[in-house]
Enquirer: 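To start, I am sharing the structure in question, which I have written as structure tokens.
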Amino acid sequence: MISLLILTVLAACAFGEPCNSESNSELLLSLNKALLQTLQTQGELPNPSVHVGLRLSDQHNLSQESAHLQRLTSQLHSHIQSSLSQTSPSPGLLALYLLALKSSCFDLNTVTFTVRGQTDTLLNQLKSTMQREKEEISVSQHHRPSSNYYQYSLGVLGLCVAGVRVEHHVLHKLLKAVEQEHLEQSTDTHAMAGMALQCVRDSGAHVLKAHELSAALRKIQQKLLAARRPDGHIGNQFSTGLAVQALLAMGYQVSECAASMEAMRTDAQNSLYHNPMALSQILPALQLRSYVTVRTKHCLSQDDSLVLDPPQPEVELPAWPTVLVSVSVVSLEGAESSYSVQVPQGSSLLHALEQLATGTAAFTFEKESSLWGLFLSVVNGEQARQSDRRYWHLSANGAALTQGISDYKIETPQKIVIKNTSY
Ligand code: B12
Ligand SMILES: *[C@@H]1O[C@H](CO)[C@@H](O)[C@H](O)[C@H]1NC(C)=O
């Protein structure tokens, strides 16, 4: 007994103070400020996920949040408006927009789009997009929506937090997909599906489906718990936030000192979460909160104390030594082309690819912007298209990258493989 006690004390000393609430709140404050700071450097489009992250936080800067809300209802709104009249709209983006508005207690009934002379509310647009996605699942060979199950789940969550009863068949398709394991083998997707289904259950709108709902939720919880890694992450560093959010929403006890929470705090201390999307998904989890709470969010007596730190003076970086990066491109037919390039240590993969394209006529690439940053879409003139369920998969020394081309940094000599892959 005594030796056990000594061991425990020794272990606590060896790992430092494992869960210090004072330094935790300091870390939360700095992440909250970092997320607010991203509003300053946003690209052309305001990011609805960032808005949700800010709104679910304890501390606020209300004037900056309302200025951002304004940008969402003008710039993001017109972006979605034009996508509605051209391509099939992304249910995930519609839902994120809705979540952002709802998290600011904005009156959803006043939000409308006019497509080919027809005016309809955001809610109705999301409903009809989900109907189309539901039909796509029925007819598609692999039982998949035309977007993905992550977005399908976001769509269900969006309708649910808006207080709309999710159409029976739309819900049923998600329940079936969970049961028959048609969801992508992704922790993020299971987490989002879990939040969507938990929201539906909390809203009490589908009493007839209670059994199926419980079974699906149990299965998702099992999947999330099975994805826990020895280092505390659930899935990888960028899915842990959503996974913790989902577990919390499902009523699973996640304590302040849980391994998953410690893992995210360690990542944050190592400045891993500078991507605004990553920050926006992690921050609610670190405050033991989930997207499902948007459904019952009130905007009364809010804190208004968050002030940005003065900008840090730019530090002159020393000239880094260069490292050799070899890049192999594997085309659709399986043909491999290899190149190499020297870049300063710490360069992004994007920078390496740009250097390569400048020096090597045979290598070209194109990128598209998304909420996560730049997505590599075309290499050597070959497009890996989402409509064909293909993409350019990235790996370094045989391990899949967990970041995209603009975030991934080259620290050591390595072999990057860019492979046209189906999913
Ligand atoms: C579905 C999905 C994919 C699909 C997207 C196509 C589709 N229609 O299904 C595919 C399989 C193509 C994909 C690819 C990759 N993905 Co992905 N993906 C997701 C997932 C599960 C959902 C995205 C979504 O639909 N969001 C909803 C809509 C509304 O938001 P959106 O931003 O407009 O969505 C688009 C972009 O997110 C884009 N996209 C998807 N993944 C990535 C990754 C990066 C780095 C970028 C810039 C864009 C991007 O595709 C979405 C649909 O068009 C997220 C999970 C999450 N937590 O967000 C991971 C996620 C975004 N992906 C991730 C990664 C790492 C990748 C890859 C780099 C993996 C690799 N080793 O190659 C590649 C991208 C490589 C490239 N060519 O640039 C990470 C990003 C982490 C980070 N810090 O950047 C996430 C968070 C998963 C994770 N936990 O690791 N992905
Ligand atoms: C909100 O942020 C702005 C810009 O950093 C700052 O000037 C303002 O004082 C902040 N508001 C509050 C209430 O702290």
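In each ligand, atom 1 is the first atom listed, and ligand 1 is the first ligand listed. Every heavy atom of this structure was used, including side-chain atoms; hydrogens, water molecules and symmetry mates were not.
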Enquirer: Determine whether the aromatic ring centres of Tyr423 and His393 lie less than 6.0 Å apart.
Expert: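 Ring centres of His393 and Tyr423 not closer than 6.0 Å.
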Enquirer: Within the protein, flag every N or O under 3.5 Å from an N or O of ligand 1, and note the pair and distance.
Expert:
residue, atom, partner, partner atom, Å
ligand 1, 8 (N), Gln386, OE1, 3.2
ligand 1, 8 (N), Tyr423, OH, 3.4
ligand 1, 9 (O), Asn148, ND2, 3.0
ligand 1, 25 (O), Asn148, ND2, 3.1
ligand 1, 25 (O), Gln151, NE2, 3.0
ligand 1, 32 (O), Leu371, N, 3.4
ligand 1, 53 (O), Gln386, OE1, 3.2
ligand 1, 57 (N), Asp188, OD2, 2.8
ligand 1, 57 (N), Gln281, OE1, 3.1
ligand 1, 58 (O), Tyr150, OH, 3.4
ligand 1, 58 (O), Trp372, NE1, 3.1
ligand 1, 71 (N), Leu394, O, 3.0
ligand 1, 71 (N), Leu401, N, 3.4
ligand 1, 71 (N), Leu401, O, 2.9
ligand 1, 72 (O), Leu394, N, 2.8
ligand 1, 77 (N), Leu376, O, 3.0
ligand 1, 77 (N), Trp392, O, 2.9
ligand 1, 78 (O), Leu376, N, 2.9
ligand 1, 89 (N), Asp188, OD1, 3.1
ligand 1, 89 (N), Asp188, OD2, 3.1
ligand 1, 89 (N), Asn236, OD1, 3.0
ligand 1, 90 (O), Asn236, ND2, 2.7

Enquirer: Please indicate whether Gln180 has more than 12 foreign heavy atoms, meaning atoms of other residues, nucleotides or ligands, lying under 6.0 Å from its CD.
Expert: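 Yes - once you tally the heavy atoms of other residues, nucleotides and ligands closer than 6.0 Å, there are more than 12.
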Enquirer: Keeping to residues at least two apart or across chains, list the side-chain hydrogen bond (donor to acceptor under 3.5 Å, both in side chains) pairs with something in residues 348-363.
Expert: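 Qualifying pairs: none.
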Enquirer: Would one find more than 12 heavy atoms of other residues, nucleotides or ligands at under 6.0 Å from atom NZ of Lys415?
Expert: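 No, not enclosed.
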Enquirer: Sequence neighbours excluded, which residues qualify as side-chain contact (heavy atoms from CB on, under 4.5 Å) partners of Ser138?
Expert: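 Partners of Ser138 by the side-chain contact (heavy atoms from CB on, under 4.5 Å) criterion, ordered by chain and then number, come out as Lys173.
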Enquirer: Show the protein residues that qualify under the rule heavy atom under 4.0 Å from an atom of ligand 2, listing them in chain and number order.
Expert: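 Answer by chain and number: Asn61, Gln64, Asp304, Leu306, Val307, Leu308.
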Enquirer: Between Glu179 and Lys219, does any side-chain N to carboxylate O distance fall below 4.0 Å?
Expert: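 Lys219 and Glu179: not salt-bridged.
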Enquirer: side-chain contact (heavy atoms from CB on, under 4.5 Å) with Leu394: which of Ile416, Val417, Ile405?
Expert: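 So, applying the side-chain contact (heavy atoms from CB on, under 4.5 Å) to Leu394 and each of Ile416, Val417, Ile405, only Ile405 qualifies.
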Enquirer: So, taking the atom named CG in Leu93 and the one named OH in Tyr97, what distance separates them when rounded to the nearest 0.5 Å?
Expert: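 Here the rounded value is 10.0 Å.
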Enquirer: Can you confirm whether Lys127 sits close enough to Val164 that some side-chain heavy atom of one is under 4.5 Å from a side-chain heavy atom of the other?
Expert: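 The answer is yes, as the side chains (C-beta and beyond) meet within the 4.5 Å cut-off.
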